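Just so it is clear, the structure is predicted and the values come from calculations on it, not from any experiment. Below, chain A is the first sequence line, B the second, and so on; all start at residue 1.
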Number of protein chains: 2
Amino acid sequence: MDLPTADRPAARFDVFAASCPSRRLLDAIGNKWASLVIVALGLEGPMRYSELSTRIDGVSQKMLTQTLRGLERDGLLTRTVTPSVPVRVDYELTPLGLTLLEPMRHLKDWAETHMPEVDASREAYDQKDT
Amino acid sequence: MDLPTADRPAARFDVFAASCPSRRLLDAIGNKWASLVIVALGLEGPMRYSELSTRIDGVSQKMLTQTLRGLERDGLLTRTVTPSVPVRVDYELTPLGLTLLEPMRHLKDWAETHMPEVDASREAYDQKDT
DNA sequence: CAGGATCCTCTATGATACTG
DNA sequence: CAGTATCATAGAGGATCCTG
């Protein structure tokens with residue numbers, strides 16, 4: 001691209017700098033809808049808009065659309081329109097999007113393994129203050 | 001706060017259900033401040049409040065405190081007060097908090113590896129619409 | 001030093017109504 | 001079916017002042 005050499009040296013990957021790519025990663029997958037979409041498509045392959053809508057419980061139409069557009073922009077999924085009578089739109093993870101599944105799985109594993117501990121800790125913490 | 005009796009581990013782990021622990025994981029580490037605190041403490045060991053404040057660029061006092069309390073409640077870090085003349089408070093990851101470092105590293109790796117692709121995709125996407 | 005308490009401003013998100 | 005457009009609002013998050 002056209003990155004000036006200026007922001008290469010000092011910047012590298014400093015998660016603590018506001019300009020770090022890592023921060024933008026959180027924008028991409030840090031919100032629940034985005035991650036849920038990724039996981040849904042990862043687990044079940046291509047899905048239609050309505051399928052995603054049903055599958056991901058609680059998401060509003062606006063948020064779903066907005067999330068999908070964002071992920072498409074990021075190159076994590078593709079949007080395919082089939083101009084049939086009732087329009088049909090399919091969403092599918094790109095190869096890039098698929099690579100996200102791995103790290104996500106690790107997080108998922110962590111959650112499944114340790115959330116009970118977190119819950120216990122929360123209870124204990126809240127107890128003190130009661 | 002609308003969980004009546006949903007304390008049970010309940011129906012396995014359906015990420016798509018609103019009650020799934022996975023969703024709460026996002027609350028815990030999905031926001032940037034929390035993840036940055038975890039990473040900071042993970043990389044540099046115990047830190048004082050002021051150190052964290054300086055290290056994590058851009059965080060407000062309110063957010064830092066709020067984040068730290070949340071992580072403490074979740075059992076991911078400990079808060080140790082030393083009642084010296086100017087009070088001294090140290091934050092340190094718990095063993096549980098340390099286990100989070102692994103999955104976080106995977107995410108970090110992904111970001112460092114693929115963010116350029118994401119950036120390229122964004123540029124291309126935005127181009128079309130111009 | 002390490003916050004607590006306030007006030008205030010956006011932004012994210014939901015609900016609703018309309019359309020190709 | 002798969003959105004777009006609009007309106008409305010809770011709450012995240014920042015700025016500021018104060019204290020043990």
Side-chain angles (χ1 to χ4, degrees), chain A residues 16-18 23-37 40-41 44 46-74 77-92 125 128-129, chain B residues 1-3 16 18 23-37 40-41 44 46-74 77-92 125 128-129:
Chain A
F16 307 111
R23 295 241 178 147
R24 279 176 299 120
L25 172 66
L26 291 175
D27 296 340
I29 64 154
N31 74 80
K32 65 179 174 186
W33 301 135
S35 49
L36 288 176
V37 166
L41 291 176
E44 316 192 4
M47 295 178 81
R48 302 181 58 175
Y49 181 90
S50 52
E51 291 177 314
L52 283 168
S53 181
T54 327
R55 181 73 175 137
I56 302 177
D57 184 48
V59 67
S60 70
Q61 183 191 51
K62 179 182 174 182
M63 279 304 101
L64 181 55
T65 299
Q66 183 176 306
T67 300
L68 289 169
R69 288 297 137 80
L71 293 175
E72 185 192 3
R73 187 171 99 104
D74 288 345
L77 56 78
T78 57
R79 177 172 178 271
T80 310
V81 182
T82 306
S84 44
V85 182
V87 191
R88 177 198 176 97
V89 181
D90 286 276
Y91 292 92
E92 182 174 11
Y125 187 94
K128 300 188 314 185
D129 200 45
Chain B
M1 304 289 277
D2 43 42
L3 294 181
F16 307 112
R23 294 241 178 146
R24 280 176 298 119
L25 171 66
L26 291 176
D27 296 341
I29 65 153
N31 75 80
K32 65 179 174 187
W33 301 135
S35 49
L36 288 176
V37 166
L41 291 178
E44 316 191 4
M47 297 177 80
R48 302 180 58 172
Y49 181 90
S50 51
E51 291 177 315
L52 283 168
S53 181
T54 326
R55 181 74 176 136
I56 302 177
D57 184 48
V59 68
S60 70
Q61 174 211 58
K62 178 183 174 181
M63 279 304 101
L64 181 54
T65 300
Q66 183 176 306
T67 300
L68 288 170
R69 289 296 137 81
L71 293 174
E72 185 192 5
R73 188 171 98 104
D74 289 345
L77 55 78
T78 57
R79 176 172 178 273
T80 310
V81 182
T82 307
S84 43
V85 183
V87 190
R88 177 198 176 98
V89 181
D90 286 274
Y91 292 92
E92 180 174 13
Y125 188 94
K128 300 187 314 185
D129 200 45

Set out, line by line, the N/O atom pairs under 3.5 Å between protein and nucleotides 11-13 of chain D.
residue, atom, partner, partner atom, Å
D:dG13, N7, B:K62, NZ, 2.9
D:dG13, O6, B:K62, NZ, 3.1

Can you name the atoms? Protein N/O to nucleotides 17-20 of chain C N/O, anything below 3.5 Å, with the distance.
residue, atom, partner, partner atom, Å
C:dA17, N6, A:Q61, OE1, 3.3

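For residues 80-91 of chain B, the set of pairs meeting the salt bridge (Lys or Arg N to Asp or Glu O under 4.0 Å) definition, not counting sequence neighbours, comprises B:R88-B:D90.
A:R55 contributes atom CZ, which lies 13.5 Å from atom CG of A:L64 (distance to the nearest 0.5 angstrom). Put simply, CG on B:L68 and OH on B:Y91 are 4.5 Å apart, with the number rounded to the nearest 0.5 Å. Atom CZ in A:R69 sits 11.0 Å away from atom CG in A:L71 (nearest 0.5 Å). Taken from OG1 in B:T65 to CD in B:E72, the straight-line distance is 11.5 Å, to the nearest 0.5 Å. To the nearest 0.5 Å, atom CE of residue A:M47 and atom CG of residue A:L77 are 12.5 Å apart. To the nearest 0.5 Å, atoms CG (B:L36) and CE (B:M63) are separated by 13.5 Å.
Inter-residue side-chain proximity for B:T67 and B:V59 is flagged as unmet; no heavy-atom pair is nearer than 4.5 Å.
Remark on DNA chain C: of its neighbouring residues B:S50 and A:G58, the 5'-side contact belongs to B:S50, judged by nearest-heavy-atom nucleotide.
Put simply, A:R79 has a side-chain N or O that comes within less than 4.0 Å of OP1 or OP2 on D:dG3. Considering only side-chain N and O atoms, A:R48 lies under 4.0 angstrom from the phosphate OP1 or OP2 of D:dA2. Between A:Y49 and the phosphate of D:dT4, there is no side-chain N or O to OP1/OP2 separation shorter than 4.0 Å. Between D:dG3 and A:R69, a contact under 4.0 Å exists linking OP1 or OP2 to a side-chain N or O.
With rounding to whole Å, B:K32 atom NZ is found 14 Å from C:dA12 atom C1'. Atom P of nucleotide C:dA2 and atom CD of B:E72 are separated by 15 Å, given to the nearest angstrom. Atom CG of B:L64 is separated from atom P of C:dG4 by 11 Å (rounded to the nearest Å). Atom CG of B:L68 and atom C1' of C:dG4 are 14 Å apart (whole Å).
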Kindly indicate, with the supporting measurements, whether the criterion side-chain contact (heavy atoms from CB on, under 4.5 Å) is fulfilled by B:Y49 and B:Q61. CA-CA 10 Å; B:Y49 181 90; B:Q61 174 211 58; 3.2 Å; yes
